[in-house]
Amino acid sequence: MSTPVAAKGLDAVREVTSEGYKYGFVTEIESETAPAGLNEDIIAFISAKKREPQWLLDWRLKAYRHWLEMPEPHWAKLRIAPIDYQAATYYAAPKRQNAPKSLDEVDPELLRTYEKLGIPLSERAALAGVAVDAVFDSVSVATTFKAKLGELGIIFCSFGEAVREHGDLVRKYLGSVVPQGDNFFAALNSAVFSDGSFVYVPEGVRCPMELSTYFRINAAKTGQFERTLIVADKGSYVSYLEGCTAPQRDENQLHAAVVELVALEGAEIKYSTVQNWYPGDAEGRGGIYNFVTKRGACRGSSSKISWTQVETGSAITWKYPSCILEGDNSVGEFYSVAITNNLQQADTGTKMIHIGRNTRSTIVSKGISAGRGQNTYRGLVRIQPKAENARNYTQCDSLLIGHKCGAHTVPYIEVRNPSARVEHEATTSKIDEDQMFYCRQRGLKQEDALSLIVNGFCKEVLKELPMEFAVEAQKLLAVSLEGSVG
Amino acid sequence: MLEIKNLHARIADGREILKGIDLVVAPGEVHAIMGPNGSGKSTLAGVLSGRPGYEVTEGTVLYRGRDLLALDPDERAREGVFLAFQYPVEIPGVNNMYFLRAALNSVRRARGEPELDAGQFLKAVRAKLKLLEIGDDLLQRAVNVGFSGGEKKRNEIFQMAMLEPKLAILDETDSGLDIDALRVVARGINKLHAPDRAMVLITHYQRLLDYIEPDRVHVLSRGRIVKSGDKMLAVELEKHGYAAFEAA
Ligand SMILES: Nc1ncnc2c1ncn2[C@@H]1O[C@H](COP(=O)(O)OP(=O)(O)O)[C@@H](O)[C@H]1O
Ligand SMILES: [Mg+2]
């Protein structure tokens with residue numbers, strides 16, 4: 001489909017970026033840091049720093065008041081050390097004091113991983129958090145994109161910019177899919193979100209390239225409380241890529257992003273994620289806690305939202321990209337690969353809420369546990385009374401590598417309309433000795449054999465990714481499983 | 001090429017399956033190992049190729065002058081040991097062609113040869129496909145998934161043709177084949193017959209030997225080679241059955 005264009009798009013970005021010095025760029029002014037803790041003053045401070053309109057400050061405060069009343073959720077199958085929300089800092093310029101001064105100071109292990117993943121040299125420093133004053137100028141990158149997109153009327157910009165320049169659109173849709181009080185982490189995000197992306201695709205427009213959070217680097221900077229809003233107007237199409245395959249370090253342990261998608265009549269949104277936040281070391285020290293709320297509303301008839309995710313990073317992943325199928329004949333899809341190695345824990349899945357007639361959903365989840373990793377699929381399929389002829393197909397496969405890891409499947413199925421058809425298939429298997437031996441007998445090294453088999457196991461999901469992403473994801477799976485056999 | 005001395009091996013439950021095998025195979029030779037079900041033929045193939053689950057308790061195996069048993073299974077493969085499986089293994093989601101190319105390049109790297117790109121690989125594949133009467137579609141399917149018995153066996157020989165091993169061990173490649181398929185497979189095997197390559201054909205029936213002429217035939221019974229001879233031994237076996245050769 002649009003794959004060649006996508007590849008070109010990314011290449012173009014790389015070119016521009018590596019030539020950044022030629023064009024010169026503005027070094028961001030180091031901004032003040034808010035005192036630790038969370039209260040209404042801090043939120044007002046954040047909002048003022050970002051020069052936000054009053055309505056947004058009010059919106060944030062409302063979220064904050066919700067959050068105060070909400071208990072931290074503990075229903076997921078996760079062991080989490082207590083998080084002290086008052087000890088955290090909610091507005092800070094990137095910390096530069098402790099950052100490594102050059103690649104020589106960066107953990108060689110991390111550098112080797114970049115090499116294996118084929119991350120261009122030019123990007124490695126930034127990913128590793130090297131305190132180069134301005135490694136890349138993501139603004140200029142965005143500008144090249146924008147010129148092309150602008151011709152089609154597509155808006156693609158940072159969330160902050162969207163608030164300033166397209167306030168009405170943002171105001172109309174922000175929180176319309178994930179309300180401020182939706183859940184503990186979404187409320188926290190709504191109160192303190194830093195930045196993120198905004199996309200609007202006008203009626204009838206097919207976005208000609210894959211939109212990505214422009215860039216690996218950019219994602220690394222806005223990671224902690226990211227906020228994304230994508231609106232596809234009638235009959236439009238957009239494919240959006242989030243994240244990056246390189247392991248990303250971040251000094252903030254707690255991440256709580258919110259993504260909202262709105263598909264109007266006949267529109268289609270394809271949202272692909274590769275999540276590779278730092279998982280912690282082999283003993284589980286220092287990894288990111290990733291608590292994400294992602295939800296899409298198929299608001300118009302015959303609209304479609306498709307989530308594809310490859311989750312390999314983070315110490316803890318808590319994430320359930322969902323679809324609200326309001327429009328008649330709308331379609332929701334969820335394709336997921338989640339890997340947990342060492343001491344990683346993932347509790348992930350989806351919710352498919354069927355409201356309209358003839359709505360269809362497909363769920364394909366592949367969980368891979370290695371080391372002492374724990375992997376839980378948690379999924380809800382709800383068929384509302386008016387969802388005549390709704391269909392769901394769910395397939396959940398778990399693969400265990402070694403005997404100290406765990407896989408769990410927790411499906412919730414609620415059917416309130418007798419015409420519904422809901423199918424659920426689940427399998428759990430161990431990595432097959434015979435398959436391993438067969439591959440090795442043909443000359444493949446143990447690790448290559450494992451990665452081949454695991455990639456095969458994930459095939460149905462990986463094929464949903466845009467080509468360039470899929471190739472990277474394959475390599476990523478191999479790297480994520482390193483050391484898990486032999 | 002291959003020198004097995006007094007090889008004893010047992011399985012996880014402690015049962016000894018191979019009870020002192022002696023066998024010498026020179027380059028260019030084709031040996032047939034025949035024996036009833038359960039006599040230890042696949043166990044021998046497994047031990048030689050490094051399949052997990054067997055413990056060698058006694059004896060030595062020299063392969064081209066090296067201690068074969070000290071090598072990992074994949075090292076053995078890269079050194080030129082190939083096993084055509086009695087039951088080829090299915091690998092869902094892995095494209096047959098992709099698998100073979102990964103295997104071939106791994107072996108080529110070990111031999112110090114350049115890797116083949118997609119184009120060169122395809123060219124090499126075409127010639128061998130014809131030989132084994134394999135359709136293109138088989139390459140695009142997942143490894144062995146949904147293959148018929150005959151397709152699986154043909155695919156094994158096809159892999160062998162691509163990997164060009166030094167020592168090929170074929171475990172009952174003939175069983176489950178109809179006569180036409182048998183002929184095709186035999187033609188493939190014969191085509192690979194070369195002065196620097198040795199082959200060990202494990203078979204239950206004599207009929208494969210109607211198409212492939214072995215230099216030596218060995219009868220395996222209860223973990224021992226109880227008789228060795230030339231190709232006439234296979235004919236004799238066919239006539240009198242294994243019972244006449246039973247080990248005590
Ligand atoms: N991995 C194994 N686990 C359990 N039993 C085995 C295993 N491999 C071989 N055996 C046993 O060893 C004996 C010989 O088997 P095998 O070598 O497969 O014989 P053949 O190939 O000659 O039919 C049989 O009794 C079989 O059940
Ligand atoms: Mg056998």
Point to revise | Worked verdict on Val94(B) versus Phe457(A) for side chain to side chain contact (heavy atoms under 4.5 Å, CB included) | key: CA-CA 8 Å; Val94(B) 177; Phe457(A) 173 76; over 6 Å; no
Exercise for review: Show your working on side chain to side chain contact (heavy atoms under 4.5 Å, CB included) between Leu444(A) and Phe99(B) and close with a plain yes or no.
Suggested key: CA-CA 9 Å; Leu444(A) 296 175; Phe99(B) 173 74; 4.1 Å; yes
Point to revise | Working for side chain to side chain contact (heavy atoms under 4.5 Å, CB included), residues Ile91(B) and Ile453(A) | key: CA-CA 7 Å; Ile91(B) 312 179; Ile453(A) 294 165; 4.2 Å; yes
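Within a 6.0 Å radius of CZ in Arg378(A), other residues, nucleotides and ligands contribute more than 12 heavy atoms. Around NZ of Lys463(A), the count of heavy atoms belonging to other residues, nucleotides or ligands within 6.0 Å exceeds 12. Heavy-atom contacts from other residues, nucleotides or ligands closer than 6.0 Å to NZ of Lys430(A) number more than 12. The 12-atom threshold is exceeded at CZ of Arg108(B), counting heavy atoms of other residues, nucleotides or ligands nearer than 6.0 Å. Around atom OH of Tyr98(B), no more than 12 heavy atoms belonging to other residues, nucleotides or ligands sit under 6.0 Å away. For Gln120(B), the CD atom sits in a packed shell: over 12 heavy atoms of surrounding residues, nucleotides or ligands are nearer than 6.0 Å.
To the nearest 0.5 Å, atoms CD (Gln159(B)) and OH (Tyr438(A)) are separated by 4.0 Å. Distance CD/Glu75(B) to CD/Gln446(A): 11.0 Å, rounded to 0.5 Å. Summarising the geometry, atom CZ belonging to Arg442(A) is positioned 13.0 Å from atom CG belonging to Asp74(B); distances are rounded to the nearest 0.5 Å. Once rounded to the nearest 0.5 Å, the distance linking CD of Glu90(B) with CD of Gln435(A) reads 9.0 Å.
Counting heavy-atom pairs under 4.5 Å between each of Ala110(B), Ser49(B), Pro165(B) and chain A puts Ser49(B) at the top. Contacts with chain A were tallied for Ala102(B), Gly53(B), Ala103(B); Ala103(B) has the most, counting heavy-atom pairs under 4.5 Å.
Looking at Leu163(B), only its side chain comes within 4.5 Å of chain A, counting heavy atoms on both sides. Using a 4.5 Å cut-off between heavy atoms, Cys439(A) contacts chain B through both its backbone and its side chain. Of the atoms belonging to Asn144(B), it is side-chain heavy atoms, and not backbone ones, that fall under 4.5 Å from chain A.
When every heavy atom of Arg78(B) is checked against every heavy atom of Gly443(A), the shortest pair comes out as NH1-O, 3.0 Å.
At a threshold of 4.5 Å between non-hydrogen side-chain atoms, the residues Gln441(A) and Arg51(B) do not count as touching.
A donor-acceptor contact closer than 3.5 angstrom is absent between the side chains of Tyr87(B) and Asp434(A).
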